[in-house]
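One structure below.
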Amino acid sequence: MRIVKSSAMEAIRDLIEPAEDGAQQTQELDRTVRRADGVIMPVAGGANLIISFIASSVIRVRFAAPGQLERDSSYAIHRPEGWGCPVTVRETIDEIEIWASPGARVRVQKESCLLTVFDEHGGVVVEDDPSHPPLFNSMDGSVAAAKLRSEHEYYFGFGEKAFLRARNGLITEMWNTDTYGYPLGTDPIYQSIPFYMALCDGRAYGLFFDNTYRTSFDMGGTDPKRYTFSATGGELNYYVFTGGCERSPRTVLRDYTDLTGRTPLPPLWSLGYHQSRWSYQTESRVRDLVQRFRESQIPVDVVHLDIDYMDGYRVFTWNGERFPDAAQLSRDLAETGIRLVAIVDPGVKVDENYAVYQEGQARNYFCRRADGEEFRGRVWPGECAFPDFLDLEVRTWFGSLYSRHLDEGISGFWNDMNEPSVFPELELDPHDFHHPAKTFSPDVVHAGDGLPGDHARYHNVYGMQMARATFEGVKRLRPEDRPFVLTRAGFAGVQRYAAVWTGDNVSSWEHLALSIPMLTNLGVSGVPFVGADVGGFSGEPSGELYTRWLQAAALTPFFRSHTETGSKDQEPWSHGTEYEQINRATINLRYHLLPYLYSLFHEHEETGAPVMRPLWFEYPSDQRTYEVNDQFLAGRNILVAPVVSEGTLKRGVYFPAGDDWVDWWTGIRYEGNTESEIDAPLDRLPLFIRSSSSVLLQPIVQHTNEMNKTALTIAAVLGAHGESSFYEDSGNGYEYMQGVFSTIRVSIGSGSLSIMRSGAYHSPRPINCVELLGLNGLPRGIRINDHIVDSTPIDNESPRLRLLLPDQNSHEISITLEGMLHANDMVDELLPFPALGSG
Ligand code: MIG
């Protein structure tokens, strides 16, 4: 998003000033009023329409019924500095046109208030449906808008949704719901992100409906010629992201995340493997678990403590019998490179002898009903009160409670049940997911940080504000560290505070398959740090299912095994030694590629691009990618095609048009725009590297603390021409924001590769090796900087040419391959790359 600061902008004050009660006073308008960034128009019946340009490619439409215009505030939006973009306005008797130059354009028909948005080339992006003008229902307060659609238009995003395919033709709702064991198609589930991205003939745009009430989207489900979005209350307040000059998904997501924020670089350790279950019941169980990992040389960084560590489920306490000395435990674990993440739920046990309850009650921090009574609901601790996270003072208080756990050495926090979820007081069919008795009573009132409102208004942001309390509290208490917070519920913007997991999934092949589109769609909804419980939460996976799931998840951003209470063990060794070996290799693969994955998180913070991407994100003009739901891209350079069905040893892989791809294991090259059958024996995750690109690797380590003791490797596929760049820093803290990071740039040509390392971070890690994949012959000669490599160091074990670099600390390395010999036969004879970690 381009944000233009102009003094003219500052000179023209908003006509709308907040009044004391939070409502806004609008001057009676009898004509259109210009602002530097848009217009305010009076509309029949006293309503107001405000159109403003947030940036040259981002248009905000704000429609408020008479008297309904409120103080302009949003939990989703993270206001960038210098918000706004100057525009030109032209008004005739019938129409108003507003545009940025260069930039998007809006046309409003004055009489009907119908709106059309154009991109900077004059192409229509969105257009109101004249047969369904914007609606304010004064009887029930609901609002709705309808847009015309092309029947070829695809939609993606909408945050966390249990749908396999694109969202066109779907009707979906936003109402955060605890949906244990949700069957495919259950809607809504835990998170509400009323944002989608559209793709039509390779051109993208996005739309974000910034309304926290229960919202609904009908994306051509009722009538393929139209889509509608509506809410049970609030304003018709939405943003159109026109996708800039290129109309690309990348630009749309950059603009959306400029508006709603990005995930700050997480601590490196949180990208390692996490092991969890409900629950590792005792300290000795945790110690044994960790010992087992270390003895069997399966890497792991994090163990999660589920609810049973607490004293009667009272948050911020310990069960002294099960965990007699948490501080000692975490110290001991730290020695072996393990960190603990503890779950913290919103419900605070009603107990007069419990300090957290006493304090919350004394300070009036718990949610109340309209009649002023403290709201109570039953969850794990029994009867509970619930902090009103929609209030800065309450968030600050709750955030400060983490000091105890931090002092004890707990490294990260996991916020669950924050939809909010309460146990219904009546017997419900377990599949009656959306019964109102499963959450707060509708007469609960929230502070709304100065805009008080009922639960219907704030339900969808409650969980996100809890994650915010956690993130901000932990960050305040440990300003030198990057917090790690995991949340189940969220709203647009949740990515600023937490990683997200997809809740209580099921140990089934169907759920494994579902996890891929769920995570990629979260990614294109601005939430990059996402994962599904490996092996499934509800039920028990077979050895095969667990092994395939671990593979499918190995390159997903958040990588954690987790299962429900009472289920069999769900650890990498739980299904016998044959599976254990494969599972070890899978987790090894994760650690092998960790330097590359870490760079992707940095790329997200810079650009908004997700870590785990649907194919269309990089290949929007290849329409075949729109229907691919069982493959994904890890960044731009790795294509992952996991096996997601039982008994499958081969699978079809689609290679997107425009690039060639090289099989990580066999070195075989595949052309773009083709589909091939690929071998996928049980011990192999099909993985492909984009031609002319590279990835950054390291040897296997048992946890991230060991990384600095090892050297880096670049694995590359030579091709016509391409650049890749990788990011390195200390792995924690905020010095990187002051420029203490470094970059490794790899440029590739058909017979050459050069590496440039630069930046203020002095990495202790040399680059000691370059691996070339997918060569179709052996070079006659190899030159590395000024050295001539005389013996051809081909690795017979794998289809890679491994070049050890002579001067490992050099900041510039250039490699030239001279005259390729034709040695195709030789390449064919090479064995597949063996399971990683074996040598
Ligand atoms: O009512 O803390 O989704 O991951 O293990 C169940 C116990 C509460 C639901 C979470 C799950 C967690 C479980 N929690």
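Counting starts at 1 for both ligands and their atoms, in listed order.
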Salt-bridge criterion met for Asp311 and Arg322 (N-O under 4.0 Å)
no
Heavy atom under 4.0 Å from ligand 1: found in Trp414's side chain, backbone, both, or neither?
side chain
Determine whether the side chain, the backbone, both or neither of Ile343 has a heavy atom under 4.0 Å from any heavy atom of ligand 1.
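For Ile343, the contact with ligand 1 is made by the side chain alone.
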Val422 to Val379 - nearest heavy-atom pair and separation:
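Distance-wise, the nearest heavy atoms are CA-CG1, 3.8 Å.
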So, do Trp414 and His562 have ring centers that fall under 6.0 Å from each other?
yes
Which of the numbered atoms in ligand 1 are below 4.0 angstrom from a heavy atom of [X]?
X: Asp416; result: 2 (O), 3 (O), 8 (C), 9 (C), 10 (C), 12 (C), 13 (C), 14 (N)
X: Asp504; result: 3 (O), 4 (O), 9 (C), 10 (C), 11 (C)
X: Arg488; result: 3 (O), 9 (C), 10 (C)

Contact with ligand 1 for Tyr180, non-hydrogen, under 4.0 angstrom:
no
Answer with yes or no whether the side chains of Thr470 and Tyr497 bring together a donor and an acceptor at under 3.5 Å.
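Result is no, nothing qualifies.
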Going by the side chain to side chain donor-acceptor pair (under 3.5 Å) test, name the single residue among Asp178, Asn176, Asn418, Asn415 that passes it with Arg488.
Asp178
If you measure every N/O of His562 against every N/O of ligand 1, is any gap under 3.5 Å?
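Min N/O separation from ligand 1 is below 3.5 Å for His562.
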